[in-house]
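These notes concern the structure reproduced below.
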Amino acid sequence: MKQSGFFDVEERLARLSGLGDQLEAFSRTVDFEAFRPDLDKALAYSDGSKGGRPPFDPVLMFKILVIQTLNNLSDERTEYLINDRLSFMRFLGLGLSDRVPDAKTVWLYQKRLTQAGAIDGLFNRFDATLRNAGYLPMSGQILDATLVAAPKQRNTNAEKADLRAGRIPEDWQDKPAKLSHKDRHARWTLKFTKAKRQDDGTMPSSDLAIPFFGYKSHVSIDRKYRFIRKWKTTHAAASDGARLREGLLDKTNTASSVWADTAYRSKANEDFMEKQGFVSKVHRKKPHLKPMPRHIQKSNAGKSVIRSRVEHVFADQKSQTGLFVRTVGISRATMRIGLANIVYNMRRLIFLERLNASA
């Protein structure tokens with residue numbers, strides 16, 4: 001068998017480029033060095049004077065998290081595929097003879113970023129990059145939330161009651177190994193979905209309510225470019241509407257209109273938006289035990305055309321990156337969802353730049 005050489009690798013990489021390597025588009029469009037100041041600050045690596053193996057480059061490790069998020073990979077699978085795929089190695093700037101971070105190193109890197117609360121700074125850093133490139137928040141903003149699944153917990157009713165009250169169950173307190181594997185922040189809720197037509201052609205009288213365990217991702221996107229501008233992570237049972245008053249509205253948007261579904265319609269929210277200078281385009285609710293007035297129905301239909309754009313964001317995240325929380329605790333879930341939001345904005349930037357280039 002012929003031994004592979006340098007030019008064989010280059011030829012294979014050229015073929016990958018011709019087949020449309022999406023990581024090449026990331027390298028061309030995204031300036032990953034812009035994240036270095038925030039990464040260096042969060043990681044606070046020593047100067048190496050005490051000896052030991054030097055850490056991997058922070059930007060290289062951040063790019064590994066991008067790969068992991070893009071492909072919904074575990075740490076072990078990430079290590080394997082970096083060693084296996086030339087496209088991954090090229091994106092990371094690694095040669096065939098270079099040392100590749102193992103799964104434990106990837107886990108520790110993400111843990112340090114999580115403990116430092118770095119995800120907000122990293123998100124804001126890329127948002128500043130978007131603004132500097134001319135993608136200012138424009139034409140108003142759209143709010144919505146989606147459920148993000150997490151590994152289900154098997155707890156007793158007493159344990160569930162303790163967790164809801166913010167207490168650690170007594171049986172867990174002297175079992176650190178068990179406690180480390182118990183998610184005390186995720187919650188159960190009901191996910192409502194439209195009932196499907198039966199085989200005989202009839203429609204069920206009520207929609208379906210499916211038990212769901214995990215977290216909730218709340219976002220605000222700008223209407224013009226559809227970038228995520230503000231976001232927040234909560235447990236799955238948290239109210240959507242109350243989050244509107246917790247930093248989800250972007251005051252830098254060039255327009256004041258705010259679109260959202262009926263979950264965000266409340267007197268508290270309407271008063272808050274009015275005081276903050278926003279114009280509510282939130283859907284109106286159907287009157288109790290009365291038919292929906294025709295003019296409100298027509299108004300809601302017009303708002304839905306605009307509001308539905310935020311649903312495309314969640315559809316993209318779940319279909320393209322398989323958004324799912326593998327970890328335990330809200331801090332790590334926030335890190336996971338924050339990375340998914342950054343990667344979505346990166347993919348959106350690549351799409352818009354390609355659109356502008358072809359115009």
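Just so it is clear, the model here is predicted, and its values are computed rather than measured.
- Annotation: salt bridge (charged side-chain N to carboxylate O under 4.0 Å, His left out) contacts involving residues 259-268, sequence neighbours excluded, comprise Arg265-Glu270, Lys267-Asp271.
- Looking at residues two or more places apart in sequence or on another chain, you find no side chain to side chain donor-acceptor pair (under 3.5 Å) involving Asn345.
- A donor atom on one side chain and an acceptor atom on the other are not found under 3.5 Å apart for Lys224 and Asn253.
- The list of salt bridge (charged side-chain N to carboxylate O under 4.0 Å, His left out) pairs with a residue in residues 117-135, not counting sequence neighbours, reads Asp38-Arg125, Asp127-Arg131, Asp127-Arg229, Arg131-Asp250.
- Under a 3.5 Å cut-off, the side chain of Arg187 and the backbone N or O of Arg184 do form a donor-acceptor pair.
- Ring to ring, Phe32 and Phe91 are close: their centroids are under 6.0 angstrom apart.
- Residue pairs satisfying the side chain to side chain donor-acceptor pair (under 3.5 Å) criterion with at least one member in residues 286-301, sequence neighbours excluded, are absent.
- Rounding to the nearest 0.5 angstrom, the gap separating the CG atom in Leu108 from the NZ atom in Lys104 is 5.0 Å.
- For Phe278, there are no ring-ring contact (aromatic ring centres under 6.0 Å, His included) partners at least two apart in sequence or on another chain.
- Listed by chain and number, the residues in a side chain to side chain donor-acceptor pair (under 3.5 Å) with His235 amount to none (sequence neighbours excluded).
- In this structure, a donor-acceptor pair under 3.5 Å is absent between the side chains of Lys216 and Thr189.
- A distance of 5.0 Å separates CZ in Arg309 from CZ in Arg226, rounded to the nearest 0.5 Å.
- Among residues two or more places apart in sequence or in another chain, the ring-ring contact (aromatic ring centres under 6.0 Å, His included) test is passed with Phe26 by none.
- Judged as a side chain to side chain donor-acceptor pair (under 3.5 Å), the pairs with a partner in residues 325-343 (not counting sequence neighbours) are, in order, Asn72-Arg326, Gln317-Asn341.
- Between Asp240 atom CG and Ser266 atom OG the span is 11.5 Å, to the nearest 0.5 Å.
- Taking the six-membered ring where tryptophan is involved, the planes of Tyr225 and Tyr135 are perpendicular, since the angle between them exceeds 60° and thus also 30°.
- Among pairs with a residue in residues 77-86, those fulfilling side chain to side chain donor-acceptor pair (under 3.5 Å) read Gln68-Thr78, at least two apart in sequence or across chains.
- Separating the CD1 atom in Ile64 from the CG atom in Leu81 is a distance of 12.0 Å, to the nearest 0.5 Å.
- The CG atom of Leu323 lies 7.5 Å from the OG1 atom of Thr146; values are rounded to the nearest 0.5 Å.
- Among residues two or more places apart in sequence or in another chain, the ring-ring contact (aromatic ring centres under 6.0 Å, His included) test is passed with Phe88 by none.
- Taking a 4.5 Å side-chain heavy-atom cut-off between Ile, Leu, Val, Met, Phe, Trp and Tyr, the cluster of Phe192 extends to Leu190.
- A donor-acceptor pair is defined here as one N or O able to donate and one able to accept, closer than 3.5 Å; such a pair exists between the side chain of His283 and the backbone of Ala260.
- Under the 3.5 Å distance criterion, the side-chain polar atoms of Asn269 are matched with a main-chain donor or acceptor of Tyr264.
- In this model, a donor atom of one side chain and an acceptor atom of the other lie less than 3.5 Å apart for Tyr215 and Asp183.
- To the nearest 0.5 Å, the span separating CE on Met273 from OG on Ser257 amounts to 10.5 Å.
- A donor-acceptor contact closer than 3.5 angstrom is absent between the side chains of Thr129 and Asn132.
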**OP:** Given side-chain contact (heavy atoms from CB on, under 4.5 Å), test Tyr344 with Thr69 step by step and report yes or no.
**Re:** CA-CA 10 Å; Tyr344 166 80; Thr69 304; over 6 Å; no
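- Residues satisfying the side chain to side chain donor-acceptor pair (under 3.5 Å) test with Glu33, not counting sequence neighbours, are Arg36.
- A side-chain donor-acceptor contact under 3.5 Å links Lys303 to the backbone of Val282.
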